[in-house]
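In this text the structure is predicted, and so the values were computed from the model without any measurement. In each ligand, atom 1 is the first atom listed, and ligand 1 is the first ligand listed.
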Amino acid sequence: MKVARLVDTDIQAVIQLWLRCGLVRPWNDPEADIRLARAGTNADVLVGRKGKAIVASVLVGHDGHRGWVYYVSVDPDQQRQDFGRGIMSAAEDWLRERGIEKMQLMVRSDNTKVRAFYESLGYGEQKRVIYAKWLDGRPLTP
Ligand SMILES: CC(C)(COP(=O)(O)OP(=O)(O)OC[C@H]1O[C@@H](n2cnc3c(N)ncnc32)[C@H](O)[C@@H]1OP(=O)(O)O)[C@@H](O)C(=O)NCCC(=O)NCCS
């Protein structure tokens, strides 16, 4: 798998990948998320290709202190071939190149398969409580 920055012509394929992976929530607009990630210098979307096909992707960024990943995805027909490991490694490199020393990510607590994936990559659970608030005043989503 070769990893590169997403280009405009990848956008629809990447959104389809995220949909196929069940990562798009009703309150998120993936196209807007991609646009915002690419608008500045603190985030980007990376895509992994096998031949011409996009098999993996990740939205990676930092907040000036810690790095975060979202939309970590591998084509359901191409999983368990280390593409997940590869796209996460590329996201870690992206952060290292920008001086970010620690990656954080959120997983729903009952998602045991994804927890096993991150644990196999050396991530450990941190005992924290996540607070969130929509800044337009709408009620909190689950
Ligand atoms: C999570 C995901 C990205 C993993 O991608 P992948 O390419 O299948 O993972 P890899 O092949 O790199 O797996 C690396 C290791 O992680 C662990 N792992 C991966 N998937 C696993 C699973 N379903 N159950 C248990 N362990 C798993 C294994 O230890 C694996 O090594 P092994 O195959 O040698 O046993 C992929 O399953 C996916 O896209 N899921 C749907 C989207 C999603 O939930 N994303 C995370 C959002 S927080």
Return a table of donor-acceptor pairs under 3.5 angstrom between the side chains of residues 22-29 and protein atoms on other chains or two or more places apart.
unit_1: R25; atom_1: NH1; unit_2: G22; atom_2: O; d: 3.1
unit_1: D29; atom_1: OD1; unit_2: E31; atom_2: N; d: 3.0
unit_1: D29; atom_1: OD1; unit_2: A32; atom_2: N; d: 3.3

ask   = Does the protein put any heavy atom within less than 4.0 Å of atom 5 (O) of ligand 1?
value = yes
ask   = Of the backbone atoms (N, CA, C, O) and the side-chain heavy atoms from C-beta on, which set of Y118 has a member under 4.0 Å from an atom of ligand 1: side chain, backbone, both, or neither?
value = side chain
key: Any residue meeting ring pair (Phe, Tyr, Trp, His ring centres under 6.0 Å) with Y71, in chain and number order, not counting sequence neighbours   = W18
remark   = The protein heavy atom nearest to atom 41 (C) of ligand 1 is C21 O, 3.8 Å
query = Counting from 1, what ligand 1 atoms have a heavy atom of R85 closer than 4.0 Å?
reply = 12 (O), 14 (C), 15 (C), 31 (O)
request  = Could you tell me whether V74 and ligand 1 have an N or O pair separated by under 3.5 Å?
outcome  = yes
request  = Would you check if the side chain of D44 reaches a backbone N or O of R38 as a donor-acceptor pair within less than 3.5 Å?
outcome  = no
request  = Report the nearest protein non-hydrogen atom to atom 7 (O) of ligand 1: residue, atom name, distance rounded to 0.1 Å.
outcome  = G84 N, 2.8 Å
query = Got the closest protein heavy atom to atom 45 (N) of ligand 1, with its distance?
reply = V72 O, 2.8 Å
message = Looking at R5, I want to see if its CZ is surrounded by more than 12 non-hydrogen atoms of other residues, nucleotides or ligands under 6.0 Å.
response = no
remark   = Ranked by distance from atom 1 (C) of ligand 1, the top protein heavy atom is F117 CD2, 3.8 Å
query = Would R108 and D110 satisfy salt bridge (Lys or Arg N to Asp or Glu O under 4.0 Å), going step by step from the backbone distance to the final call?
reply = CA-CA 6 Å; R108 287 172 195 274; D110 59 355; over 6 Å; no
inquiry  = A side-chain contact here means heavy atoms from C-beta on lying under 4.5 Å apart; do K133 and L140 qualify?
reply    = no
inquiry  = Return the closest protein heavy atom for atom 8 (O) of ligand 1 as residue, atom name and distance.
reply    = R80 N, 2.8 Å
request  = Could you check atom 47 (C) of ligand 1 against the protein and tell me its nearest heavy-atom contact, residue, atom and distance included?
outcome  = L23 CD2, 3.8 Å
message = Among all the protein's non-hydrogen atoms, which is closest to atom 40 (N) of ligand 1, and how far away is it?
response = Q79 NE2, 3.7 Å
inquiry  = Tell me the contacting part of L105 for ligand 1: side chain, backbone, both, or neither, using a 4.0 Å heavy-atom threshold, strictly below.
reply    = neither
message = Distance under 4.0 Å to a non-hydrogen atom of F83: what atoms of ligand 1 satisfy this?
response = 7 (O), 12 (O)
message = So, regarding V107 and ligand 1 (criterion: nitrogen or oxygen to nitrogen or oxygen, under 3.5 Å), is there a contact or not?
response = no
message = Please list, in number order, the atoms of ligand 1 under 4.0 Å from a heavy atom of V114.
response = 44 (O), 46 (C), 48 (S)
query = Can you check whether R85's main-chain N or O pairs, donor with acceptor, with D82's side chain at less than 3.5 Å?
reply = no
inquiry  = Between K50 and D75, does any side-chain N to carboxylate O distance fall below 4.0 Å?
reply    = no
ask   = Are any of the N/O atoms in D82 less than 3.5 Å from those in ligand 1?
value = yes
query = Any donor and acceptor pair, going by atom type alone, linking the side chain of Q79 with main-chain N or O of V74 inside 3.5 Å?
reply = yes
query = Numbering the atoms of ligand 1 from 1, which are under 4.0 Å from a heavy atom of S73?
reply = 39 (O)
task = Let me see the working for R96 and E101 under salt bridge (Lys or Arg N to Asp or Glu O under 4.0 Å), right down to the final yes or no.
result = CA-CA 6 Å; R96 274 190 205 99; E101 297 183 322; over 6 Å; no
ask   = Polar-atom distance check: N111 versus ligand 1, any N or O pair below 3.5 Å?
value = no
key: Atoms in ligand 1 with a heavy atom of A116 nearer than 4.0 Å   = 25 (C), 26 (N)
query = Does M106 reach ligand 1 with a nitrogen or oxygen that is under 3.5 Å from one of the ligand's nitrogen or oxygen atoms?
reply = no
inquiry  = Can a donor-acceptor pair be found, under 3.5 Å and without considering hydrogens, that links the side chain of R66 to the backbone of H62?
reply    = no
message = Is the shortest side-chain heavy-atom distance between M88 and M103 below 4.5 Å?
response = yes
query = To the nearest 0.1 Å, how far is atom 15 (C) of ligand 1 from its closest protein heavy atom, and which atom is that?
reply = S120 OG, 3.2 Å
message = Using a 4.0 Å cut-off to any heavy atom of Q81, which atoms of ligand 1 qualify?
response = 11 (O)
query = Can you check whether L6 reaches I34 side chain to side chain, under 4.5 Å on heavy atoms?
reply = yes
